[in-house]
Amino acid sequence: AYCYLIGGDHDFDSSDVSILEQGRSSKGITLGEGVWLGAGVKVMDGLAIGKHSIVGTGAVVTKPVEEYSVAAGVPARTIRKRK
C-alpha cells in the first residue's frame with residue numbers, strides 16, 4: 001500500500017529557467033518476478049529490483065537491489081540474502 005515508483009525526473013541544469021520548463025527524463029523501473037514491496041516504499045527512476053527480493057516498509061530505494069535480497073532503510077541497503 002502507498003508505494004511510489006518514481007519513473008522520471010525533471011532536468012534542473014539552468015537556474016534561470018523554471019523547473020517545469022526544463023524538460024524531463026525517464027529511464028524506467030524494473031521489478032523482477034516475485035518482488036515484495038512493503039507499505040510506503042519509494043523506488044527512484046532508473047533502478048531494478050531483482051527477482052524474489054523484499055523491500056521493507058518505508059524504504060527509499062536509491063540503488064539497484066540484487067536478486068533474492070532483503071533491503072530496508074533510508075536509503076535502502078541489503079540487510080540479508082534470501083537464498
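We count residues from 1, following the sequence as given. What you are looking at is a predicted structure, and each value in this text was computed from that prediction instead of being measured. Below, each value reflects all heavy atoms present in this structure, side chains not excepted, and no hydrogens, waters or symmetry copies.
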Counting only pairs under 3.5 Å, give me each side-chain donor-acceptor contact of residues 54-63, with atom names and distances, residues two or more places apart or in other chains.
none

Pairs of donor and acceptor atoms involving the side chains of residues 5-15, under 3.5 Å and at least two apart or interchain, shall be tabulated with distances.
none

Exercise answer: donor-acceptor pairs, residues 27-40 side-chain atoms, under 3.5 Å, sequence neighbours excluded:
none

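The salt bridge (charged side-chain N to carboxylate O under 4.0 Å, His left out) search around K81 returns E66, not counting sequence neighbours.
Annotation: side chain of V43 is in contact with side chain of V41 (closest heavy-atom distance under 4.5 Å).
Rounding to the nearest 0.5 Å places OG of S69 at 10.0 Å from CD1 of I79.
The ring pair (Phe, Tyr, Trp, His ring centres under 6.0 Å) analysis of residues 63-83, with sequence neighbours excluded, yields the pairs H52-Y68.
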Next on the checklist: Working note: S26 + D45, criterion side chain to side chain contact (heavy atoms under 4.5 Å, CB included); need CA distance, chi angles, decisive distance, verdict.
Outcome noted: CA-CA 7 Å; S26 179; D45 188 36; 4.1 Å; yes
